[in-house]
Amino acid sequence: MSTPRFETLCAAFQHNAAIDPEAVALRTPGDARTLTWREYAAGVRDAAAGLAALGVRRGDTVALMMGNRVEFYPLEVGAQHVGATSFSVYNTLSAEQLAHVLGNAGARVVICEPQYVQRLRDSGVPLDHIVCIDDAVEGTVPVAEMIAGGASDFDFDASWRAVEAGDVATLIYTSGTTGNPKGVETTHANLMFQAYGLGDVLGFEFGDSITSFMPSAHIADRLTALYLQEVFGTQVTAVPDPKLIAAALADLRPTIWGAVPRVWEKLKAAIEFVVANEPDETRRQGMQWALSVGAKRSEYQLAGQPIPDEVAAEWAEADELVLSKLRAKLGFDRLRFALSGAAPIPPQTLGFFAGLGVPISEIWGMSELSCICSVSHPRDTRLGTVGRLLAGMESLIAEDGELLVKGPLVMKGYRGEPAKTAEAVDADGWLSTGDVVTVDDDGYLRVVDRKKELIINAAGKNMSPTTIEHAIKAATPLIGAMATIGDALPYNTALIVLDAESAEPYAAQHNLPDASAAALAVNPEVLEQIAAGVAAGNAKLSRVEQVKRFRILPVFWEAGGDEVTLTMKLKRKVIAEKYAAEIAELYAENPADHVLEPA
């Protein structure tokens, strides 16, 4: 039975809420909190009536500021049903950043947790109302009061039916690597085309289960948890803290799941750590054998070559004896497919999970394209590519290699910024993506790097810093981030930052009293491991790409901080300015002791 297609998120939600009203739509790990579709739909109706009573009308803007929780959904979807543009702001934003985002959005109402009320007030943005969940702060409207204030004669059906495909459903503030974030206006039509296009490739089903653990201000979480739920009726488990994701996966055993590359890299490092430290020698050898068989199989997949019969047979045996049990322990035994996006993922990480029997489809897209523009089903995936454009999208490769895209996923524009919109989307509707891409004869896209980030060394050689960083980071999980330097310079060097989450376990395992970045950055064992990792990464690179010198900075780079965006993309220009003195030392004729070379 084919699913009917709708023009707005509201219409799709109303359809799904009626399929199986007693099915659980929303939950937290361990079912500590659950909401059936019947309860969810009632919550949406109540929230819509309450917001309407506060004066919210079609076309107004409502912002939400809260963690990943069940309560978010009826409030967000309720705002949609009044015809509002509803969006989330990052909880880490300062008062000054909130002033820009909320001011640009024209937000009239913000629904938030109590801890954010003072910051919202400090931003100075004139809001009609601050609505508070949990314990209301003085001068705010408690959610219960907002709902109680909803008019009994509010015409809910007329309200959501008045919403049109061209209405702006949400704003996505791109955590840009330069300047203030721009507000991408995404319409209901954009999101419906996005959901159905993805569904045609991947095949979502009512009751499919997924987690929400990334910030809901990020389009990746909004699409995979919120919008796909409204369109296809998936079940969402809200995970309040990303650090709890491993336990949440084992609890939920999702059928579909996606994460950014850094999360996949951490899962890979955790699995390798567990295997290496298995106390029972027979079990350890068995797991190591199975992973080596997986690696052997994925080598053929990464090279795009057919898997020899004997390798396939050995993998089937390893899967039956070990890998299937390892997947069950991780919570991946029901997984039909997994996604990775928001940044390029190292091929070694893709290969590792493919060997484990976890099929990851690498996707490509951007906020300006409603999220995902290219993808392939795992059975059609070519490892190392980001799949093919969704049906209905067109592409052109410019002379300098930049990908231009046109079609129903392209944003309406940047809110209040017509000049920047015209810069991004030309008069014929072609969006400049900023990505240098190659396309093979079958239409599979391979992302080289961001156009602005390519390194051209002193000899005129073009290189991708991302490729260099992937090769080295794959060789040691201790590296949290690294920035390759080399533009207009004679050779490549790197600034390396240790991984904050690996620091404490590493220090405990090696009986080190201090797990701070400053202490670990001068620890001889750590220096040795990083130097070996850089050397191993270099071995996979051409001579001109190799990192000749590096240094470990005595700091951790926090998501959303000076050096990296909230999705852990490097702010290369900021890094070059902030660490100019440290970079100069990397090229000194007689380098200081803390300037290191690969082992």
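Predicted model, so just to flag it, every value in this text is computed and none were measured.
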| field | Arg334 side chain near Ser209 side chain, heavy-atom distance below 4.5 Å | value | yes

| message | Tell me the closest heavy-atom pair linking Ala483 and Leu570, and the distance in Å. | response | CA-CD1, 3.9 Å

| Yes or no on side chain to side chain donor-acceptor pair (under 3.5 Å) for Asp221 and Ser216, after CA distance, side-chain angles and deciding distance? | CA-CA 5 Å; Asp221 195 80; Ser216 58; 5.5 Å; no

| query | Going from OG on Ser88 to CG on Leu171, what distance comes out if it is rounded to the nearest 0.5 angstrom? | reply | 10.5 Å

| Set of side-chain hydrogen bond (donor to acceptor under 3.5 Å, both in side chains) partners for Ser432, sequence neighbours left out | none

| Where do Glu22 and Arg38 land on the salt bridge (Lys or Arg N to Asp or Glu O under 4.0 Å) test, with the steps shown first? | CA-CA 6 Å; Glu22 301 316 316; Arg38 185 188 304 284; 2.4 Å; yes

| So, do Val386 and Val375 sit near enough that their side-chain heavy atoms are less than 4.5 Å apart? | no

| query | Would you call Glu185 and Arg415 a side-chain contact if the rule is heavy atoms closer than 4.5 Å? | reply | yes

| field | Sidechain-backbone polar pair: Trp264 side chain, Leu339 backbone, donor-acceptor under 3.5 Å | value | yes

| field | Asp128 bridged to Arg108 by N-O distance under 4.0 Å | value | yes

| Which atom pair, heavy atoms only, marks the closest approach of Met66 to Leu64? | CE-CD2, 3.9 Å

| Is the closest side-chain donor-acceptor distance between Tyr173 and Asn180 under 3.5 Å? | no

| task | Give the intermediate values and the outcome of side chain to side chain contact (heavy atoms under 4.5 Å, CB included) for residues Tyr116 and Val110. | result | CA-CA 10 Å; Tyr116 303 122; Val110 179; over 6 Å; no

| said: Any side-chain to backbone donor/acceptor pair from Thr224 onto Ala220? Under 3.5 Å, distance only. | reply: yes

| task | Decide side chain to side chain contact (heavy atoms under 4.5 Å, CB included) for Met65 and Asn91; before the verdict, give the C-alpha distance in whole Å, the side-chain angles of both, and the deciding distance to 0.1 Å. | result | CA-CA 6 Å; Met65 192 174 187; Asn91 301 336; 3.5 Å; yes

| query | Going through the distances and angles, do Trp364 and Ile372 end up as a side chain to side chain contact (heavy atoms under 4.5 Å, CB included)? | reply | CA-CA 6 Å; Trp364 173 84; Ile372 298 172; over 6 Å; no

| task | Report the distance from atom CG of Leu369 to atom OG1 of Thr433, rounding to the nearest 0.5 Å. | result | 8.0 Å

| said: Which heavy atom of Ser86 sits nearest to which heavy atom of Ala79, and what is that distance? | reply: CB-CB, 3.8 Å

| request: Quick one: pull up CZ in Phe353 and CG in Leu335 and give me the separation to the nearest 0.5 Å. | output: 10.5 Å

| said: For residues 129-147, which residue pairs pass the side-chain hydrogen bond (donor to acceptor under 3.5 Å, both in side chains) check, not counting sequence neighbours? | reply: Arg69-Asp134

| request: Report yes if some heavy atom in the side chain of Leu98 is under 4.5 Å from a heavy atom in the side chain of Val125; otherwise report no. | output: no

| How close do Arg119 and Ala95 get, heavy atom to heavy atom, and via which atoms? | O-CB, 3.8 Å

| query | Any side-chain heavy atom of Cys112 within less than 4.5 Å of one from Ile133? | reply | no

| request: Establish, from distance only, whether the side-chain atoms of Tyr90 and Gln97 form a donor-acceptor pair under 3.5 Å. | output: no

| Between Val70 and Ala238, which heavy-atom pair has the shortest distance, and what is it? | N-CB, 4.1 Å

| task | Could you check if a side-chain atom of Phe204 sits within less than 4.5 angstrom of a side-chain atom of Ile210, using non-hydrogen atoms only? | result | no

| request: Using distance alone, with no hydrogens and no angle criterion, decide if Asp31 and Thr34 have a side-chain donor and acceptor under 3.5 Å apart. | output: no

| Taking atom CD of Glu504 as the centre, does the number of heavy atoms from other residues, nucleotides or ligands within less than 6.0 Å exceed 12? | no

| request: Might you work through the side chain to side chain contact (heavy atoms under 4.5 Å, CB included) test for Val405 and Glu394, ending with a clear yes or no? | output: CA-CA 6 Å; Val405 178; Glu394 300 173 64; over 6 Å; no

| said: Nearest 0.5 angstrom please: Met366 CE to Met411 CE, how far? | reply: 8.0 Å

What donor-acceptor contacts under 3.5 angstrom involve side-chain atoms of residues 6-19, with partners at least two apart or in another chain?
unit_1, atom_1, unit_2, atom_2, d
Thr8, OG1, Ala11, N, 3.2
Gln14, NE2, His81, NE2, 3.0
Asn16, ND2, Ala12, O, 3.2
Asn16, ND2, Glu230, O, 2.8
Asn16, ND2, Val231, O, 3.0

| request: List the steps and the verdict of salt bridge (Lys or Arg N to Asp or Glu O under 4.0 Å) for Glu76 and Arg222. | output: CA-CA 11 Å; Glu76 162 85 36; Arg222 288 187 88 73; 2.6 Å; yes

| field | Side chains of Val239 and Thr28 in contact at under 4.5 Å (non-hydrogen atoms) | value | no

| query | Any donor and acceptor pair, going by atom type alone, linking the side chain of Asn190 with main-chain N or O of Val410 inside 3.5 Å? | reply | yes

| query | Taking all non-hydrogen atoms of both residues, which atom of Leu102 and which atom of Ala63 are closest, and how far apart? | reply | CD2-CB, 3.8 Å

| query | So Trp257 and Phe337, ring-ring contact (aromatic ring centres under 6.0 Å, His included) or not? Walk me through it. | reply | CA-CA 7 Å; Trp257 196 65; Phe337 57 84; over 10 Å; no

| request: Name all pairs fulfilling the ring-ring contact (aromatic ring centres under 6.0 Å, His included) condition that reach into residues 53-74, sequence neighbours left out, sorted by first residue then second. | output: none

| query | Could you give all pairs that pass the side-chain hydrogen bond (donor to acceptor under 3.5 Å, both in side chains) test and reach residues 194-207, with sequence neighbours left out? | reply | Arg5-Asp200

| Say you draw a straight line from CD1 of Ile219 to OG1 of Thr186; how long is it, rounded to the nearest 0.5 Å? | 5.5 Å

| Rounded to the nearest 0.5 Å, how far does CG of Leu223 lie from CG of Leu198? | 6.0 Å

| Are the side chains of Val117 and Cys132 in touch, meaning some heavy atoms are under 4.5 Å apart? | yes

| task | Say whether, by atom type as modelled, one donor and one acceptor occur between the side chain of Glu39 and the main chain of Thr36 under 3.5 angstrom. | result | yes

| Within 45° of the axis and under 6.0 Å from the centre of the six-membered ring of Tyr414, does NZ or CZ of Lys420 qualify? | no

| task | Give a yes or no on this: more than 12 heavy atoms of other residues, nucleotides or ligands lie within 6.0 Å of atom NZ of Lys578. | result | yes

| said: Tell me whether Asn68 contacts the main-chain N or O of Met214 through its side chain, where contact means a donor paired with an acceptor under 3.5 Å. | reply: yes

| request: Verify, without hydrogens or angle tests, whether Thr211 (side chain) and Thr237 (backbone) share a donor-acceptor contact under 3.5 angstrom. | output: no

| message | Taking side chain to side chain donor-acceptor pair (under 3.5 Å) as the criterion, tell me which of Arg58, His188, Gln80, Lys412 meets it with Asp167. | response | Arg58

| said: I need the full list of side-chain hydrogen bond (donor to acceptor under 3.5 Å, both in side chains) pairs touching residues 336-345, with sequence neighbours left out, sorted by first then second residue. | reply: Asp208-Arg336

